[in-house]
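The structure under discussion appears below in the form of structure tokens.
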Amino acid sequence: MTPKDLPDTIPIFPLPGALLLPRARLPLHIFEPRYLAMLDDALKTSTRLIGMVQPYDAPGEDGKLHSIGCAGRVTAFSETEDGRYMLTLSGVSRFRVQSEVEGFTPYRRCNVDWSGFERDKGPVERDTDFQRDKFMDLLGRFFDDQGLKTDWESLGEAEDELLINSLSMLCPFEPEDKQALLEAPSLATRRETLVTLIEFALRRGDADEVMQ
């Protein structure tokens with residue numbers, strides 16, 4: 001999908017803690033009537049785009065959206081017998097929210113700007129300074145600390161971008177931390193942010209043990 005194919009207005013799904021990144025896949029379970037309507041309308045367009053945006057989670061910020069989100073194309077969906085949808089969004093590009101569209105749809109729509117995120121629509125990113133062995137050791141300690149399980153063989157074989165982006169999306173970080181991972185300007189800075197968040201979580205876990 002080239003920049004000229006990207007629409008100026010897209011439907012928005014403001015889901016706290018849900019992170020979508022370019023060239024990554026996000027599974028979603030949709031059952032609210034307004035978002036069922038959003039999906040129906042998105043499937044009628046040539047791009048099938050839905051924009052994932054983090055809402056602010058702070059007093060007095062009710063309904064306010066972060067300025068940067070990521071749009072995904074609906075690449076798979078199925079309907080359950082009771083009318084719910086299981087779908088997959090494939091990340092296309094980040095965008096900057098320009099303004100919210102006032103209209104008659106039950107879901108939110110925004111005018112967006114795709115400029116500044118040309119790298120999202122290019123080839124897979126590389127991280128030339130990535131020290132994989134050191135990172136995997138840190139990740140193992142984090143998963144043990146959090147009681148998480150994974151397929152370590154698949155992780156070890158994943159390309160740099162797939163590994164870093166998948167972990168950014170799946171690890172149990174706070175919504176504001178997820179936003180920082182989304183806004184990272186390059187794969188290397190996203191990896192550095194991810195390492196910082198993991199190290200902070202491990203230090204916090206150690207501090208909790210000492211306090212107990």
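This chain uses plain numbering: 1 for the first residue, then up along the sequence. Computed over heavy atoms, backbone and side chain alike; hydrogens, waters and symmetry mates excluded. On a predicted model such as this, the values are computed, not experimentally measured, just so you know.
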key: pair Pro16-Pro55: side-chain heavy atoms closer than 4.5 Å   = yes

task = Would you check if there is a donor-acceptor pair between the side chains of Ser186 and Thr189 at a distance under 3.5 Å?
result = yes

Which pairs of donor and acceptor atoms, one on a side chain in residues 162-172, lie under 3.5 Å apart (sequence neighbours left out)?
unit_1	atom_1	unit_2	atom_2	d
Asn165	OD1	Arg190	NH1	3.0
Ser166	OG	Leu162	O	2.6
Ser168	OG	Ile164	O	2.8

task = Can you spot which of Asp40, Val74, Leu28 makes a side-chain contact (heavy atoms from CB on, under 4.5 Å) with Tyr85?
result = Asp40

ask   = Distance from Asp41 atom CG to Arg48 atom CZ, nearest 0.5 Å?
value = 13.0 Å

remark   = From the list Lys178, Glu176, Glu183, side chain to side chain donor-acceptor pair (under 3.5 Å) partner of His66 resolves to Glu176

key: Joint hydrophobic cluster, Leu181 plus Val124, side-chain heavy atoms closer than 4.5 Å   = no

request  = Kindly give the heavy-atom pair with the smallest separation between Arg94 and Ala184, and that separation in Å.
outcome  = NH1-O, 2.9 Å

query = Considering only heavy atoms from C-beta outward, does the side chain of Leu26 approach that of Met52 to under 4.5 Å?
reply = yes

ask   = Within a reach of under 6.0 Å around CD of Glu159, are more than 12 heavy atoms found that belong to other residues, nucleotides or ligands?
value = no

inquiry  = Is there a continuous path of hydrophobic side-chain contacts, each under 4.5 Å between heavy atoms, that joins Leu202 to Leu148?
reply    = yes

query = Does atom CG of Asp133 have more than 12 heavy-atom neighbours from other groups under 6.0 Å away?
reply = no

key: Test item: Ile50 and Met38 side chains (from C-beta on) under 4.5 Å apart, heavy atoms   = yes

request  = Have a look at Leu6 and tell me which of Thr47, Leu49, Val112 forms a side-chain contact (heavy atoms from CB on, under 4.5 Å) with it.
outcome  = Leu49

ask   = Is Leu87 close to His29 at the side-chain level, that is, under 4.5 Å between some pair of heavy atoms?
value = no

ask   = Are Asp160 and Arg132 ion-paired here, with the side-chain N under 4.0 Å from a carboxylate O?
value = yes

task = Any chance you could measure Phe173, atom CZ, to Leu197, atom CG, to the nearest 0.5 Å?
result = 5.0 Å

message = Between Leu21 and Leu182, is there a side-chain heavy-atom distance shorter than 4.5 Å?
response = yes

query = At their closest point, which heavy atom of Ser93 faces which heavy atom of Lys121, and how far apart are they?
reply = OG-NZ, 3.3 Å

note = For Gly103 and Arg109 the tightest heavy-atom approach is CA-NH2, 4.3 Å

inquiry  = Under the rule for side chain to side chain contact (heavy atoms under 4.5 Å, CB included), what residues qualify as partners of Ser115, not counting sequence neighbours?
reply    = Asp113, Glu118

Beyond-backbone contact of Thr45 with Leu43, side-chain heavy atoms, under 4.5 angstrom = no

note = Interatomic distance, SG@Cys110 vs CD@Glu100, rounded to 0.5 Å, equals 4.5 Å

From Leu15 atom CG to Leu20 atom CG, the distance as rounded to the nearest 0.5 Å = 11.0 Å

task = Not counting sequence neighbours, which residues clear ring-ring contact (aromatic ring centres under 6.0 Å, His included) with Phe117? List them please.
result = none

request  = Give a yes or no on whether the ring-centroid distance for Tyr35 and Phe13 is below 6.0 angstrom.
outcome  = yes

Gln54 side chain vs Gly17 backbone, donor-acceptor pair below 3.5 Å = yes

message = Measuring from atom OH of Tyr56 to atom CG of Leu65, what distance do you get when rounded to the nearest 0.5 angstrom?
response = 9.0 Å

inquiry  = Is it the case that the side chain of Arg84 and the backbone of Glu79 share a donor-acceptor pair, with hydrogens and angles ignored and the cut-off at 3.5 Å?
reply    = no

Donor-acceptor contact present, side-chain Gln179 to main-chain Ile68, <3.5 Å = yes

key: Heavy-atom side-chain proximity of Arg191 to Phe130 below 4.5 angstrom   = yes

query = Side chain of Arg23, backbone of Asp120: donor and acceptor closer than 3.5 Å?
reply = yes

query = So, does Trp114 use its side chain to make a donor-acceptor pair with the main chain of Pro7 at under 3.5 Å?
reply = yes

query = For the side chain of Arg25 and the backbone of Thr75, is there at least one donor-acceptor N/O pair under 3.5 Å apart?
reply = no

query = Would you say Thr105's side chain and Tyr107's backbone share a donor-acceptor pair under 3.5 angstrom?
reply = yes

inquiry  = Quick test of your reading of the model: are Arg126 and Glu161 salt-bridged, counting only N-O distances below 4.0 Å?
reply    = no

request  = Kindly indicate whether the side chain of Met136, heavy atoms from C-beta on, has any atom under 4.5 Å from the side chain of Leu155.
outcome  = yes

message = With side-chain contact (heavy atoms from CB on, under 4.5 Å) as the criterion, how do Ile30 and Phe77 come out once you've worked through the C-alpha distance, each side chain's angles and the decisive distance to 0.1 Å?
response = CA-CA 10 Å; Ile30 291 182; Phe77 70 95; over 6 Å; no

query = At what distance, to the nearest 0.5 angstrom, does CZ of Phe142 lie from CZ of Phe135?
reply = 10.0 Å

